[in-house]
Protein chains: 2
Amino acid sequence: MNKKRSECPLSCSLDIFGDKWSLLIIRDLMFENKCTYNDFLKSQEGIATNILASRLKELEENGVIEKSAHPDSKAKNLYRLTSKGIDLLPILIEVYIWSDKYFTIPADVKEVIQEAKKDKEKFENQIRSKLTTLLEMQKASQI
Amino acid sequence: MNKKRSECPLSCSLDIFGDKWSLLIIRDLMFENKCTYNDFLKSQEGIATNILASRLKELEENGVIEKSAHPDSKAKNLYRLTSKGIDLLPILIEVYIWSDKYFTIPADVKEVIQEAKKDKEKFENQIRSKLTTLLEMQKASQI
DNA sequence: AATATTCACTTGCATTTTGAAAGTTGTTTG
DNA sequence: CAAACAACTTTCAAAATGCAAGTGAATATT
C-alpha cells in the first residue's frame, strides 16, 4: 500500500487524509447526513466518480469509514464513520474555526460555527452522539 | 490562481493546505524551529526542491507564511509563520491528538503530545507566544 | 584573485496521480 | 421487459510529483 514517508504522526495522518477530497467526504458523513455513493457525488465540489470510489476505498482500508448493505436497496451501500472517523471531529471543528477568521463564510454555515465556538465541547458532544447512535444502529441491524 | 471549488469553508481551507506537504512545512516552522529553504529540504519526508519552492510560494501568496532577508547571509531567506499561519496551531494539535490514539508514535513526540493533551490551552499559548515573538523580532529588524 | 561551496531556485523529463466522460454490471422500478 | 439507478471500472488527457541537472548570486577557502 502507501508506505509511510516518516514516523512523524502528522505525516502519517496526511498519508491518510492529506488531499483535497477525503475530508470533504468526512464532512458529508459528519454534518450533512450523507451516507451513500450518490449522496457524496452530489456535493457542490463535484468529485469525479473514480476519485470518489478510490477515496471511499482508501478511507475504508484505513479504518476511517465502514461500508455495509443499505436496508432499502440491495443496489446501494451505506457508508458510516467508524469511531476512528468520528474522532476526526475536533480537527474539522478547528478548521472551521480557522476558516471563520480568514474567509467570508455563507450565513448558514457561519451560524453553526458560532455555536461550535461558543461551547466547543457541547457542540462536539452533540455531533458525536448523533454519529455514535447512527453507527450503533447500523451495527445492530447487521445481526 | 486556484479557483474555489465551493463556498464551503472546509473546501476553501483544503484549497490552501489540503495536500501532502503544506502542513509539514507549517509543522517545521511551528515545532522544529526551521526557517530556511534548506531546513525544510532536510526534513525526513524528503520533499523535492520544485515542490518545496512551489509550496512556499503558495503559502506566501495565501498569507500563511512570510519571506524576509536572513540576517546572517544575503544568500538566505527567512521564512516565518504569519498570524494566519500561527492560527493553524489548534488544527495541528488536534491532528497530533488523533494520531496519538491511532498510531504508534516515537517516544519523544509522544511526550510532547501528552503535554498538549494534559493542558491544551497552556501548550497552545506556549507555542503561540514563541512564534509571535519570533514574528515580532523579524518585523522589528526589517526597519 | 581564483576556486569552491552554499543557497534558493528553475528547467527538463519521466513517472504518478488526477479527473471528465463513457462504459459495465447488478438491482429495482414501472 | 425496458428504463433508471447504484457503484463501480476503463480510458485517456491533463496536472502534479519527483529526480537530476543547471543557474546565478553570495559567501568561504586557498
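Order of the sequence lines fixes the chain letters, A, B, ..., with proteins taken first and strands second; residue numbering starts at 1 for each chain. Computed from heavy atoms alone, side chains included, the values below leave out hydrogens, waters and symmetry copies.
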> Could you state the CG-C1' distance from A:L56 to D:dT9, rounded to the nearest angstrom?
Replying inline: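 Spelled out: CG on A:L56 to C1' on D:dT9 is 14 Å.
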Quick check for you: among [options], whose closest atom lies nearest to any side-chain atom of [X]?
X     : options               : value
B:Y37 : D:dT9, C:dT10, C:dA20 : C:dT10
B:T49 : D:dA21, D:dT9, D:dG18 : D:dA21
B:T36 : D:dG18, D:dA7, C:dA8  : C:dA8

> Which residues in residues 70-78 of chain B have at least one heavy atom lying under 4.0 Å from any atom of DNA chain C?
Replying inline: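 Only B:A75, B:K76, B:N77 qualify.
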> If you find the nucleotide of DNA chain D closest to A:N50 and the one closest to A:R5, which residue's nucleotide is nearer the 5' end?
Replying inline: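 Residue closer to the 5' terminus by nearest nucleotide: A:N50.
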>> Checking B:K117 against B:D100 for the salt bridge (charged side-chain N to carboxylate O under 4.0 Å, His left out) test, could you report, in this order, the C-alpha distance in whole Å, the side-chain angles of both residues, the deciding distance, and whether it holds?
In response: CA-CA 10 Å; B:K117 274 168 67 178; B:D100 184 48; 3.0 Å; yes
[X] near the nucleic acid: base, sugar-phosphate alone, or nothing, with a heavy-atom cut-off under 4.0 Å?
X     : result
B:N38 : sugar-phosphate
A:Y79 : sugar-phosphate
B:S54 : nothing

> Below 4.0 angstrom from OP1 or OP2 of D:dG18, is there any side-chain N or O of B:W21?
Replying inline: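 So the side chain of B:W21 is within the cut-off, an N or O lying under 4.0 Å from OP1 or OP2 of D:dG18.
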> Does OP1 or OP2 of D:dC8 have a side-chain N or O of A:K67 closer than 4.0 Å?
Replying inline: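 Yes, A:K67 has a side-chain N/O under 4.0 Å of OP1/OP2 on D:dC8.
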> Do A:I47 and A:L24 come within less than 4.5 Å of each other through their side chains, counting heavy atoms only?
Replying inline: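 Side chain of A:I47 against side chain of A:L24, heavy atoms only: no contact under 4.5 Å found.
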> Does B:F31 have any ring pair (Phe, Tyr, Trp, His ring centres under 6.0 Å) partners at least two apart in sequence or in another chain, and if so, which?
Replying inline: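 Expected list: B:Y96.
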>> I'd like to check the ring pair (Phe, Tyr, Trp, His ring centres under 6.0 Å) partners of A:Y102; sequence neighbours left out, ordered by chain and number.
In response: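 A:Y102: ring pair (Phe, Tyr, Trp, His ring centres under 6.0 Å) contacts with A:W98.
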